[in-house]
Amino acid sequence: MAAKIISGTQIAKQIREELRAEVAEMKDKQGVIPGLVTILVGENPASISYVTAKQRIARDLAFHSFQDNQPADISEADLLALIEKYNHDPAFHGILIQLPLPKHIDEGKVIYAVNPAKDVDGFHPVNVGKMVVGEPCFLPCTPHGIMEMLIRSEVETSGAEAVIVGRSNIVGKPIANLLLQKREGGNATVTLCHTRTRDMAFHTKRADILIVAAGRPRVITADMVKDGVVVIDVGVNRIGKTPEGKAILCGDVDFDAIKEKASAITPVPGGVGPMTITMLMKNTVQAAKQISGLA
Ligand code: GUN
């Protein structure tokens with residue numbers, strides 16, 4: 001059985017059309033324009049391409065948007081002061097600092113410095129804590145996007161064995177929490193695997209839903225999954241370049257082999273990636289509404 005392809009590109013497009021209508025209504029009725037500032041420190045090529053894509057989509061949705069490029073040697077104090085400036089700037093409802101940051105800057109301090117009301121990345125411990133206890137908050141964009149993909153693709157999570165590979169703060173830990181919650185898209189039995197897991201295949205073979213954010217190309221092979229599994233591949237690995245110089249990407253799962261066993265699977269590219277950026281836009285609209293007293 002060939003798997004259904006869960007297209008993040010298509011679902012993201014649908015959500016962006018919903019957002020476009022919301023943004024137009026906010027502007028017409030209340031004169032509020034969602035504002036997003038993205039801060040890029042240094043010139044990491046992957047970070048440049050992510051931030052450029054975020055800005056392009058923000059502009060496409062008629063946000064007020066600005067990319068603030070800072071040199072790799074900016075001091076930690078100067079970066080914290082810059083964040084504080086945006087915390088008080090009413091034109092921006094969302095602040096995103098692209099990670100990773102240069103080694104001399106403490107990422108934890110940077111994440112803490114963002115006003116939780118403008119934390120559209122959902123990384124501030126205030127938002128993380130609210131997420132864990134199930135209160136309304138900004139959800140981190142990649143797990144938020146995965147939840148939307150599962151819900152909009154009508155994947156049954158209630159009672160399902162959900163196995164996650166990777167325990168990062170950005171993906172693994174939050175998606176585990178969201179799948180556990182007593183609400184739509186939740187109620188799964190969750191297993192979180194990581195680099196010290198003793199027998200990875202033992203766990204992945206039990207999965208009804210397998211979410212892989214391992215950060216290594218094609219580590220999950222067809223012999224590690226059962227028939228009918230739903231696979232969400234969060235990996236984006238650059239494994240070469242085309243003759244034209246374009247990056248060749250692959251995920252963390254062996255897509256070609258697993259699509260013959262799975263009931264549904266996300267591709268790379270065109271899966272989780274477009275959803276992540278779109279959920280950033282959704283969070284920014286939410287921030288604009290809350291800060292402007294519309295929600
Ligand atoms: N680097 C990789 N993913 C992300 C993300 O979701 N947000 C930020 N700020 N940086 C990232």
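Keep in mind the model is a prediction, meaning the values are calculated, not measured. Reckoned from all heavy atoms, side chains included, excluding hydrogens, waters and symmetry mates. Counting starts at 1 for both ligands and their atoms, in listed order.
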Residues passing the side-chain hydrogen bond (donor to acceptor under 3.5 Å, both in side chains) test with Lys173, sequence neighbours excluded, are Asn169
Between Asp208 and Lys226, is the closest basic N to carboxylate O distance under 4.0 Å?
yes
Which of these passes side-chain contact (heavy atoms from CB on, under 4.5 Å) with Ile258: Thr221, Asp223, Leu210, Ile220?
Ile220
Could you tell me whether the side chain of Pro174 reaches within less than 4.5 Å of the side chain of Leu139, counting heavy atoms only?
no
Would you check if Tyr86 and Leu82 make a side-chain contact, meaning some heavy-atom pair closer than 4.5 Å?
yes
Using a 3.5 Å cut-off on N/O to N/O, what pairs does ligand 1 make with the protein? A line per pair would be great.
| from | atom 1 | to | atom 2 | distance (Å) |
| --- | --- | --- | --- | --- |
| ligand 1 | 1 (N) | Gln98 | NE2 | 3.3 |
| ligand 1 | 1 (N) | Leu99 | O | 2.9 |
| ligand 1 | 7 (N) | Asp121 | OD1 | 3.0 |
| ligand 1 | 7 (N) | Asp121 | OD2 | 3.4 |
| ligand 1 | 9 (N) | Ile97 | O | 2.8 |
| ligand 1 | 9 (N) | Asp121 | OD2 | 2.6 |
| ligand 1 | 10 (N) | Leu99 | N | 3.0 |

Take the angle between the ring planes of Phe92 and Phe66 and call it parallel below 30°, perpendicular above 60°, tilted in between.
tilted
